[in-house]
Amino acid sequence: MDNKEKDDKYFGRGNQALDLEVTRAKGSYIYAANGKKYIDFLGGAGVGNLGWGVEEIEEAIRKKDRPAYVYPNFYYRGWSELAEVLAKLAPGKLQKSYRMTGGSEAVDAALEMATMYTGREKILSIEGSYHGNTMGALSIGATKKKKGFPKLLEGFEKLELPLNSEKLERVKKLLSTKEFAAVIMEPVIINLGVVVPEKEFMAGLNKICKDTGTLLIMDEAITGFGRTGKMFASEHFDIEPDILGMAKAITAGHAGMGAVITTSEIDRQLSGKIGLYSSYGWHPVAVDASLAALHYLEKNQKRLFENIEQLAETFKNGISEVNFRKEPEVRIKGAAIGVEVYDEDYASNIKQKALEKGLLINTEGSSLLFLPNFQMPQKTALEGLNLLKSCT
Ligand SMILES: Cc1ncc(COP(=O)(O)O)c(C=O)c1O
């Protein structure tokens, strides 16, 4: 039985895989069993912010002197060290981190925290968004995705795009009821093809939340750790999140991990009431990977963020030279690049052709999505953009 047959027989997939069997990943390239090498504009959907196989991080993981496992109700130096790093990197007064295994779990924990803290049941989120696959994450996500489910959680209201100052009227009307525990969103909505809310909307949303005692939750699973050109995308706006979810690039792809960070005030109120036990949250191997990845990110921040700015420019220019069927809408925030091509099938065809030519890209509905790593040489970006020209 070859690998594809075995996968087909035993491996559960919610959707169709791309025709690519990975054997190795290094820097900006993915290597496949068919001997081909692919330029990676997909970046593991936002996991690979530093490029693949960064030696310093791999070295830290190879380190031997760590326990095989730490039971959650023990103390562990790696946990307090990582929590301290996250508190330093996170915006505003966010200080107390909870251990999670990934982004979906972080979202559900954030919802749990907000409902318990406020004693309210309703949640406001963005229509069409994606926050993961747990029941809470699905419930705040795209309403249309609910169709296959007999029942999801209740009490969820959705805001439609665009997120501009006119939308604040509706936000005010909903939140003034004081029935909402929280508003949750990605600060830059990468999962809708890099939608950047208006600054006035975000500032207004922040104010209405504070005035009505509604918590503001930012899901930074993809946007966190530099993706949009700031350490956290929340920093682009005049907002003060009460809870923030992290995942994906928290280990730069070297191990599974997530985190929820909140203020010490909220944490104090929840203490002793909320049970966020996680058997594998912040496993010692993942902690070493994360500490090394975040250390690398901090140490090289200037160089990496400068390269992000250049990449943004290179992508903007490169995309303008691609001959799409119709003039696309290009949305770029740092190293998050969305290209609206107005047709889902057309977007999928481009993705398929790109794969055949040796370029990996993603799609979100009718948008192409590029999430290059922050160390991608401009030359590699140009090579990839050149390949894209022959795919439209
Ligand atoms: C914004 C956002 N939240 C949550 C998740 C879920 O994260 P995970 O796949 O680690 O559960 C994702 C994953 O794509 C995401 O993009």
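Note that this is a predicted model, so its numbers are computed, not measured.
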State, without any angle test, whether [X] and [Y] hold a side-chain donor-acceptor pair at a distance under 3.5 Å.
X	Y	answer
E364	S367	no
Y31	N34	no
T263	D242	no
D108	T134	yes

Checklist entry - Is there a side chain to side chain contact (heavy atoms under 4.5 Å, CB included) between S366 and E340 once you walk through the steps? => result CA-CA 6 Å; S366 54; E340 176 59 55; 2.6 Å; yes
Checklist entry - Between R325 and V341, is a side chain to side chain contact (heavy atoms under 4.5 Å, CB included) present by the stated rule, with each step listed? => result CA-CA 8 Å; R325 269 192 212 158; V341 296; over 6 Å; no
Presence of salt bridge, [Y] and [X], under 4.0 angstrom:
X	Y	value
R331	E329	yes
K379	E383	yes
K122	E179	yes

Under 6.0 Å from the [atom1] atom of [X], do we count more than 12 heavy atoms belonging to anything else shown?
X	atom1	answer
Y277	OH	yes
K4	NZ	no
D19	CG	no

Checklist entry - Judged by atom type as modelled, is there a donor-acceptor pair below 3.5 Å linking the side chain of W282 to the main-chain atoms of M257? => result no
Checklist entry - Is it true that a side-chain atom of S348 and a backbone atom of E344 form a donor plus acceptor pair closer than 3.5 Å? => result yes
Item to check | Candidates E127, R170, M185 - the one meeting side-chain contact (heavy atoms from CB on, under 4.5 Å) with L159 | outcome: R170
Checklist entry - Out of I250, V260, L94, which residue meets the side-chain contact (heavy atoms from CB on, under 4.5 Å) rule with L86? => result I250
Checklist entry - So, is the end of the K199 side chain (NZ or CZ) under 6.0 Å from the ring centre of F237 and within 45° of the ring's axis? => result no
Working to the nearest 0.5 Å, report the span between [atom1] of [X] and [atom2] of [Y].
X	Y	atom1	atom2	result
D40	L359	CG	CG	9.0 Å
S278	R99	OG	CZ	5.5 Å
K96	E265	NZ	CD	12.0 Å
Q352	E356	CD	CD	4.5 Å

With a 4.5 Å heavy-atom cut-off, do [X] and [Y] have their side chains touching?
X	Y	result
S97	L82	no
N386	L382	no
K230	H236	yes

Checklist entry - Any idea how Y280 and Y69 line up, ring-wise: parallel (<30°), tilted (30 to 60°), or perpendicular (>60°)? => result perpendicular
Next on the checklist: Could you go through Y29 and R24, starting from their C-alpha distance and side-chain angles, then the distance that decides it, and tell me whether this counts as side chain to side chain contact (heavy atoms under 4.5 Å, CB included)?
Outcome noted: CA-CA 9 Å; Y29 295 97; R24 200 165 83 87; over 6 Å; no
Next on the checklist: With side chain to side chain contact (heavy atoms under 4.5 Å, CB included) as the criterion, how do E220 and K248 come out once you've worked through the C-alpha distance, each side chain's angles and the decisive distance to 0.1 Å?
Outcome noted: CA-CA 9 Å; E220 296 237 23; K248 293 195 183 243; over 6 Å; no
Checklist outcome for this item: Heavy-atom nearest pair, T214 first then T212, reads OG1-OG1, 2.7 Å
